[in-house]
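From a predicted model like this one, the values you see are computed outputs, not experimental measurements.
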Amino acid sequence: MPNFIFMKTYALLVFLLFNHFNTVAQSHFTLSGTILDENSEPVEAATVFIDGSQKISQTDAKGRYSFTGLTSGGYQLVVNMIGSGSMKQEVLIQDKSIVLNIRLTTKSQNLKEVIITGDGQRLKYLTTFKKFFLGESENAKRCKILNLEVLNFSLEKQILRASTNDFLLIENPVLGYTVKYLLRDFQYNGYLETTQYHGECIFEEMEGSDAQKQTWLESRREAYYGSLMHYLRSLHKGDIKSQGFLTYKVTNDRLPAVINIDAIAPKQFAQRVDSNLIRIRYKRRLYTIYNRDLAARNYSFEKKDRIITQFKDTGSIFSTDGQIDSKGNYFSYKALLIQGYWGRKRIGDQLPYEYVPD
């Protein structure tokens, strides 16, 4: 009798393990294809990477590339070739692997005005750029840009612009990453005190001792909780409150922000598109704070607190009209507006999409 029970339990265990690994295998997909030039010839040694991730490769002699182990969701595939510029292709993986062949085309580009400045003026530009591109956190302050010479600056009507023709190499010793950032455009408006930037980046793990790696794990965990990535992933799951977030409606368009007293649930402003994507549908801005204690009590502001003259420590105002997947990846970056806590957390606190806290 004991042997029979043992064999039955063993068979059940094997069955569960088989189904577990089979499910895991089915939920991971491949994105592959060939990069061709405008004459339909394969392009060798082109850099191909997935924006915001740790996945990067170079095409072989036949122009082929391949990324494995991808989960369902949205991806930005970037192809960069020295001398030929770069291009980006949005990819949505749902229930099967995808073959995506890309033909690079030579596009004529208008040369941007190059303004030659003295060392003192460039140093001033660099100081402003680092503050509003890397961020204002302690993590950001310890980041180091290794190749400042690739940055091009221009200034017009109090708007500082910056861009690069090659990867900007950023060393983040707190989180243990080297970030390669292909900066398309950076704009800082000194009059309005607003910043806009966009580009594509890739993360590479830094080498270090076991003690350093353990410190990096702890620092990454600290950077993740309460971050925009954490919030968007929680929003996708529909469990922002259990993750420590509370969200409120902002009833005006300028600061100081007037918020609705009662917290709102995700279903009131986020709609499920399919099993992979949700979409935020709310015309005004939203205000969110990260505080597990307040979230557990479903905190409501008192009337005297309705006008928020200063953001709380983890308070952020945001608005977007885009789609979000389970990785916390959002589409239509131009529609994303953030202020407050998340606005201060920029490249110096960014994590790759592969990151999942223990």
Side-chain angles (χ1 to χ4, degrees), residues 43-59 76 78-88 104 106-190 194-208 333 344-352:
V43 178
E44 183 179 4
T47 301
V48 185
F49 64 95
I50 295 177
D51 180 27
S53 76
Q54 294 177 269
K55 293 188 178 297
I56 184 171
S57 70
Q58 283 193 329
T59 54
Q76 303 285 342
V78 184
V79 182
N80 188 59
M81 188 68 181
I82 296 176
S84 300
S86 63
M87 66 160 294
K88 179 167 62 176
L104 299 179
T106 303
K107 296 182 179 179
S108 59
Q109 297 180 344
N110 296 325
L111 296 178
K112 295 182 180 180
E113 180 184 5
V114 177
I115 300 178
I116 301 175
T117 62
D119 291 342
Q121 192 70 10
R122 182 174 173 81
L123 181 60
K124 180 181 177 181
Y125 292 163
L126 285 171
T127 301
T128 301
F129 175 79
K130 289 178 181 178
K131 178 180 179 180
F132 295 105
F133 178 70
L134 297 176
E136 302 176 64
S137 68
E138 292 303 315
N139 290 356
K141 292 176 183 177
R142 292 184 58 185
C143 287
K144 183 178 180 181
I145 300 177
L146 304 179
N147 57 341
L148 292 170
E149 68 278 1
V150 305
L151 276 166
N152 302 312
F153 291 109
S154 65
L155 181 66
E156 183 180 1
K157 295 181 180 180
Q158 297 191 51
I159 298 179
L160 176 65
R161 289 184 168 88
S163 62
T164 63
N165 295 322
D166 200 355
F167 285 104
L168 198 63
L169 304 180
I170 305 162
E171 190 177 79
N172 190 330
V174 178
L175 300 182
Y177 294 114
T178 297
V179 183
K180 294 182 177 180
Y181 201 102
L182 198 59
L183 182 64
R184 305 286 187 178
D185 184 46
F186 168 91
Q187 296 183 31
Y188 171 69
N189 189 317
T194 59
T195 305
Q196 296 179 355
Y197 63 88
H198 73 278
E200 297 83 43
C201 65
I202 190 75
F203 292 80
E204 294 181 354
E205 295 271 358
M206 294 175 60
E207 295 184 0
Y333 67 90
R344 299 189 296 271
K345 300 281 187 174
R346 303 189 183 182
I347 302 301
D349 292 273
Q350 192 170 336
L351 295 163

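Of the possible donor and acceptor atoms, one in the side chain of N147 sits under 3.5 Å from a partner among the backbone N and O of L169. Using a distance-only test at 3.5 Å, with no hydrogens or angles considered, a donor-acceptor pair links the side chain of D51 to the main chain of C201. Counting only distance, with no hydrogens or angles, the side chain of N172 and the backbone of C143 share no donor-acceptor pair below 3.5 Å. One N or O on the side chain of T59 and one on the backbone of A45 form a donor-acceptor pair closer than 3.5 Å. Counting only distance, with no hydrogens or angles, the side chain of T164 and the backbone of L183 share a donor-acceptor pair below 3.5 Å.
Within 6.0 Å of CG on N189 lie more than 12 heavy atoms contributed by other residues, nucleotides or ligands. Heavy-atom contacts from other residues, nucleotides or ligands closer than 6.0 Å to CD of Q196 number 12 or fewer. Applying the 6.0 Å contact sphere to NZ of K55 captures more than 12 heavy atoms from other residues, nucleotides or ligands.
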Practice task
Would you sort out whether K88 and E200 count as a side chain to side chain contact (heavy atoms under 4.5 Å, CB included), showing the intermediate values?
Solution key: CA-CA 9 Å; K88 179 167 62 176; E200 297 83 43; 3.2 Å; yes
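To the nearest 0.5 Å, atoms CG (L168) and CD1 (I347) are separated by 9.5 Å. In this structure, CG in N139 is found 12.5 Å from CD in Q350, a value given to the nearest 0.5 Å. Here CD1 of I202 is found 12.0 Å from OG1 of T178. Values are rounded to the nearest 0.5 Å. Atoms CZ and OG, on R161 and S154 in that order, are 6.0 Å from each other to the nearest 0.5 Å. Here the CG-CG distance, from D166 to L151, works out to 11.0 Å after rounding to the nearest 0.5 Å. Note: L148 CG to F129 CZ = 8.5 Å, rounded to the nearest 0.5 Å.
Scanning for salt bridge (Lys or Arg N to Asp or Glu O under 4.0 Å) contacts around K130 gives an empty result, with sequence neighbours left out. Among residues two or more places apart in sequence or in another chain, the salt bridge (Lys or Arg N to Asp or Glu O under 4.0 Å) test is passed with E171 by none. Judged as a salt bridge (Lys or Arg N to Asp or Glu O under 4.0 Å), and not counting sequence neighbours, E149 has no contacts.
Using a 4.5 Å cut-off on side-chain heavy atoms (C-beta onward), I170 and F133 make contact. For the pair H198/D185, a side-chain contact is recorded, criterion being any heavy-atom separation below 4.5 Å from C-beta on. Inter-residue side-chain proximity for T195 and R346 is flagged as met; some heavy-atom pair is nearer than 4.5 Å. The shortest side-chain heavy-atom distance between K131 and Y188 does not fall under the 4.5 Å cut-off. No side-chain heavy atom of E138 sits under 4.5 Å from any side-chain heavy atom of V174. Side-chain contact between F186 and F132 is present, with at least one heavy-atom pair separated by less than 4.5 Å. With contacts defined as side-chain heavy-atom distances shorter than 4.5 Å, the pair Q54/Y177 qualifies. With a 4.5 Å cut-off on side-chain heavy atoms, R184 and S86 count as touching.
The minimum heavy-atom distance between F167 and N80, with the atom names listed, is CE1-ND2, 3.8 Å.
Between F153 and Y125, the angle of the ring planes lies from 30° to 60°, which puts this pair in the tilted group.
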